[in-house]
Novice: 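Mind having a look at this structure? Questions to follow.
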Amino acid sequence: MHGEYKVPGGKLVVVDLDVEGGVLRNVRVAGDFFLEPDEALPAIDAALEGAPAHTDAAGLAARIDRALPDGTVMFGITSEGVAVAVRRALAQATEWSDYDWQLIHDSPQPPALHMALDEVITAEVAAGRRPPTLRVWEWDSPAVIIGSFQSLRNEVDPGGVARHGVTVVRRISGGGAMFAEPRSTITYSLAVPEALVSGLSFADSYAYLDDWVLAALGDMGIKAWYQPLNDIATEVGKVAGAAQKRMAGPDGGPGAVLHHVTMSYDIDADKMLDVLRIGKEKLSDKGTRSAKKRVDPLRRQTGLPREAVIEKMIDSFRARYGLTRGEVTAEELARAQDLVRTKFAHAEWTTRVP
């Protein structure tokens with residue numbers, strides 16, 4: 001069995017192993033990390049040898065920590081990262097390079113249709129009828145997108161929404177409310193087979209699926225990192241928030257994961273505060289007193305037009321994993337439009353948590 005895991009902000013860890021009699025055998029850890037002293041690597045292998053195959057990541061990491069020689073220095077590697085690589089090997093997880101990725105980047109669409117397309121495309125990936133897909137959104141109007149479990153009245157100011165002509169929609173994933181404007185927001189979705197995140201905890205899957213965009217931002221000169229649970233941050237503030245939804249496959253089999261991210265390119269903070277009810281508790285959780293300080297536009301950090309930032313992100317993804325231009329099929333669009341009528345543009349869904 002073979003497992004790989006890139007430690008967030010670190011290096012690649014590779015594990016090869018067998019399972020015999022319900023325990024790990026022939027464990028070999030490798031990667032492009034740095035580790036001192038040399039004896040630390042065989043100590044890690046020995047710590048994992050004979051571990052019950054059902055041991056969780058925390059248990060495997062504890063075995064490694066107990067076995068490391070005194071004074072061990074780990075750079076680009078953690079005992080937790082090795083444990084995750086082991087769990088991914090045992091789960092027979094796939095890697096980004098195992099797939100033929102497809103890009104969808106269409107003309108501007110209404111907010112409700114974007115919600116519906118996320119559901120349809122992810123369901124198609126879960127069913128095996130569509131390859132893993134990166135979909136870059138274009139908005140035809142400003143919107144507030146609330147999380148699946150948020151209270152509409154607690155999150156959205158109806159007066160501000162009316163004043164600014166904002167459409168309110170509810171997405172299928174959890175998380176917080178997002179404010180989006182056509183020229184000020186960069187939004188994308190990843191619809192991926194569940195096997196890509198096998199062996200990862202829910203929290204680890206966020207970091208794993210955000211890793212490519214951190215690299216893309218780095219290519220543009222922005223030092224960015226994953227901030228648990230679902231933010232992308234830089235030295236001068238938060239620039240993005242992510243959310244996920246898991247979908248089962250046919251007959252309850254392995255399915256797909258929807259991971260979508262909204263990035264602030266040039267957000268009008270005053271307008272955002274007029275349409276969103278951002279409470280003091282939420283601000284204190286982020287360590288700031290002002291919602292304006294939470295939004296640091298990519299425009300200022302890159303000096304690039306929005307279209308150029310998007311193109312550089314796409315180019316970065318393509319260079320790493322390959323990417324073929326695709327489109328929403330006629331059948332997918334018809335199903336999405338039906339979902340708009342019956343769900344995403346319907347008051348019963350939008351107000352399901354009043």
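Atoms considered below: every heavy atom in the structure, side chains included; atoms not considered: hydrogens, waters and symmetry mates.
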Novice: Indicate whether the side chain of Arg130 and that of Thr133 have a donor and an acceptor atom separated by less than 3.5 Å.
Specialist: yes

Novice: Could you tell me whether the side chain of Arg88 and the main chain of Glu4 form a donor-acceptor pair under 3.5 Å?
Specialist: yes

Novice: Distance-only, no hydrogens or angles: does the Asp157 side chain make a donor-acceptor pair with backbone N or O of Val275 under 3.5 Å?
Specialist: no

Novice: So, the side chain of Tyr188 versus the backbone of His259: is there a donor-acceptor pair under 3.5 Å, distance only?
Specialist: no

Novice: Is a side-chain donor-acceptor pair under 3.5 Å present for Trp137 with Ser189?
Specialist: yes

Novice: If you compare all heavy atoms of Val15 against all heavy atoms of Val82, which two are closest, and at what distance to 0.1 Å?
Specialist: CG2-O, 4.2 Å

Novice: Please give me the minimum heavy-atom distance between Ala53 and Leu24, naming the atom from each residue.
Specialist: CA-CD2, 4.0 Å

Novice: On a heavy-atom basis, which atom in Val156 and which in Pro158 lie closest, and how many Å separate them?
Specialist: O-CD, 3.3 Å

Novice: Measure the spacing between OG1 of Thr55 and CG of Leu48 and express it to the nearest 0.5 Å.
Specialist: 9.5 Å

Novice: So, Arg170 side chain and Gln150 main chain: donor-acceptor pair closer than 3.5 Å or not?
Specialist: yes

Novice: Within the 4.5 Å heavy-atom criterion, are Tyr99 and Pro132 side-chain neighbours or not?
Specialist: yes

Novice: To the nearest 0.5 Å, how far apart are CD in Glu332 and CD1 in Ile121?
Specialist: 5.5 Å

Novice: If you link ILVMFWY side chains whenever their heavy atoms are less than 4.5 Å apart, which other residues fall into the same cluster as Val125? By chain and number, please.
Specialist: none

Novice: Could you walk me through whether Thr324 and Asp100 satisfy the side-chain contact (heavy atoms from CB on, under 4.5 Å) test, starting with their C-alpha distance in whole Å, then the side-chain angles of each, then the deciding distance to 0.1 Å, before giving a yes or no?
Specialist: CA-CA 8 Å; Thr324 302; Asp100 294 324; 5.9 Å; no

Novice: Any side-chain heavy atom of Gln102 within less than 4.5 Å of one from Leu134?
Specialist: no

Novice: Against Phe344, only a single residue in Leu113, Val169, Asp118, Ile172 fulfils side-chain contact (heavy atoms from CB on, under 4.5 Å); can you say which?
Specialist: Ile172

Novice: Is there a side-chain contact (heavy atoms from CB on, under 4.5 Å) between Thr167 and Val161? Walk through the geometry before answering.
Specialist: CA-CA 7 Å; Thr167 300; Val161 165; over 6 Å; no

Novice: Between the main-chain N or O of Asp270 and the side-chain N or O of Asp268, is there a donor-acceptor pair closer than 3.5 Å?
Specialist: yes

Novice: Shared ILVMFWY cluster between Leu339 and Trp349, side chains joined below 4.5 angstrom?
Specialist: yes

Novice: Could you tell me whether Asp219 and Arg320 make a salt bridge, using a distance below 4.0 angstrom between a side-chain N and a carboxylate O?
Specialist: yes

Novice: If you measure from the Lys or Arg side-chain nitrogens to the Asp or Glu carboxylate oxygens, is any gap between Asp315 and Lys312 under 4.0 Å?
Specialist: no

Novice: Let's go through Leu276 and Val144 carefully: what are the C-alpha distance in whole Å and the side-chain angles of both, what is the deciding distance for side-chain contact (heavy atoms from CB on, under 4.5 Å) to 0.1 Å, and is it a yes or a no?
Specialist: CA-CA 8 Å; Leu276 292 181; Val144 167; 3.6 Å; yes

Novice: Check whether any side-chain heavy atom of Val213 sits under 4.5 Å from a side-chain heavy atom of Met313, and report yes or no.
Specialist: yes

Novice: Membership question, hydrophobic clusters at under 4.5 Å side-chain separation (ILVMFWY): are Val328 and Leu190 in the same one?
Specialist: no

Novice: More than 12 heavy atoms of other residues, nucleotides or ligands under 6.0 Å from NZ of Lys6: is that the case?
Specialist: yes

Novice: Would you say Val19 and Ile44 are hydrophobically clustered, going by side-chain heavy atoms of ILVMFWY under 4.5 Å?
Specialist: yes

Novice: Take Ile310 and Ile186 through the side-chain contact (heavy atoms from CB on, under 4.5 Å) test and state the conclusion after the steps.
Specialist: CA-CA 7 Å; Ile310 291 173; Ile186 297 172; 4.0 Å; yes

Novice: Looking at residues at least two apart in the chain, or sitting in another chain, which of them share a ring-ring contact (aromatic ring centres under 6.0 Å, His included) with Phe179?
Specialist: none

Novice: In chain order, what residues pass the ring-ring contact (aromatic ring centres under 6.0 Å, His included) check against Tyr226, with sequence neighbours excluded?
Specialist: none

Novice: Could you pull out the closest heavy-atom pair between Leu12 and Asp32, with the gap in Å?
Specialist: N-OD1, 2.8 Å

Novice: Identify the heavy atoms of Ala126 and Ala248 that sit nearest to each other, and give their distance.
Specialist: CB-O, 3.9 Å

Novice: Evaluate the side-chain hydrogen bond (donor to acceptor under 3.5 Å, both in side chains) criterion for residues Arg352 and Ser148: first the C-alpha distance (whole Å), next the side-chain angles of each, then the deciding distance (0.1 Å), finally the verdict.
Specialist: CA-CA 9 Å; Arg352 77 176 194 137; Ser148 181; 2.4 Å; yes

Novice: Keeping the roles fixed (side chain from Glu348, backbone from Lys343), state whether a donor-acceptor pair exists under 3.5 Å.
Specialist: no

Novice: Using the rule that Ile, Leu, Val, Met, Phe, Trp and Tyr join whenever any side-chain heavy atoms are under 4.5 Å apart, tell me whether Trp96 and Val261 fall into a single cluster.
Specialist: yes

Novice: Answer yes when Arg306 and Asp266 have at least one side-chain N-carboxylate O distance shorter than 4.0 Å, and no when they do not.
Specialist: no

Novice: Atom CG of Leu196 and atom OG1 of Thr94: how far apart are they, to the nearest 0.5 Å?
Specialist: 5.0 Å

Novice: Does any part of the side chain of Pro131, heavy atoms only, come nearer than 4.5 Å to the side chain of Glu124, both counted from C-beta?
Specialist: no

Novice: Under a 3.5 Å cutoff, is there a donor and acceptor pairing between the side chains of Thr329 and Arg335?
Specialist: no

Novice: Please answer whether the main-chain N or O of His114 pairs with a side-chain N or O of Arg135 as donor and acceptor at a distance below 3.5 Å.
Specialist: yes

Novice: Would a 4.5 Å heavy-atom cut-off, applied to side chains only, mark Gln301 and Val239 as touching?
Specialist: yes

Novice: Regarding His260 and Ser173, is there a side-chain donor-to-acceptor distance under 3.5 Å anywhere?
Specialist: yes

Novice: Would you check if Phe75 and Leu35 make a side-chain contact, meaning some heavy-atom pair closer than 4.5 Å?
Specialist: no

Novice: Using a 3.5 Å distance criterion without hydrogens, assess whether the side chain of Arg277 forms a donor-acceptor pair with backbone atoms of Glu155.
Specialist: no

Novice: Should we count CD of Glu331 as having more than 12 external heavy atoms under 6.0 Å?
Specialist: no

Novice: Nearest 0.5 Å, what's the CG-CZ distance between Leu60 and Arg87?
Specialist: 6.5 Å

Novice: On a heavy-atom basis, which atom in Pro111 and which in Ser141 lie closest, and how many Å separate them?
Specialist: CD-OG, 3.4 Å

Novice: Would you check if the side chain of Thr72 reaches a backbone N or O of Leu68 as a donor-acceptor pair within less than 3.5 Å?
Specialist: no

Novice: In plain terms, say whether Arg171 and Glu119 are close enough for a salt bridge, that is, a side-chain N and a carboxylate O under 4.0 Å apart.
Specialist: no

Novice: Going through the distances and angles, do His105 and Glu138 end up as a side-chain hydrogen bond (donor to acceptor under 3.5 Å, both in side chains)?
Specialist: CA-CA 8 Å; His105 189 190; Glu138 296 293 346; 2.8 Å; yes

Novice: Are side-chain N/O atoms of Thr187 and Trp139 paired as donor and acceptor at under 3.5 Å?
Specialist: yes

Novice: For a 4.5 angstrom cut-off between non-hydrogen side-chain atoms, does Val257 reach Gln244?
Specialist: yes

Novice: Return yes if some donor-acceptor pair links the side-chain N/O of Ser151 with the main-chain N/O of Pro354 below 3.5 Å, else return no.
Specialist: yes

Novice: Look at the side-chain heavy atoms of Ile, Leu, Val, Met, Phe, Trp and Tyr, link any pair under 4.5 Å apart, and say whether Val353 and Met178 land in one connected group.
Specialist: no

Novice: Which distance, rounded to the nearest 0.5 Å, do you find between the CH2 of Trp212 and the CZ of Phe317?
Specialist: 6.5 Å

Novice: Check Arg183 with Glu307, please: is the shortest side-chain N to carboxylate O separation under 4.0 Å?
Specialist: yes

Novice: A side-chain contact here means heavy atoms from C-beta on lying under 4.5 Å apart; do Asp16 and Met1 qualify?
Specialist: no

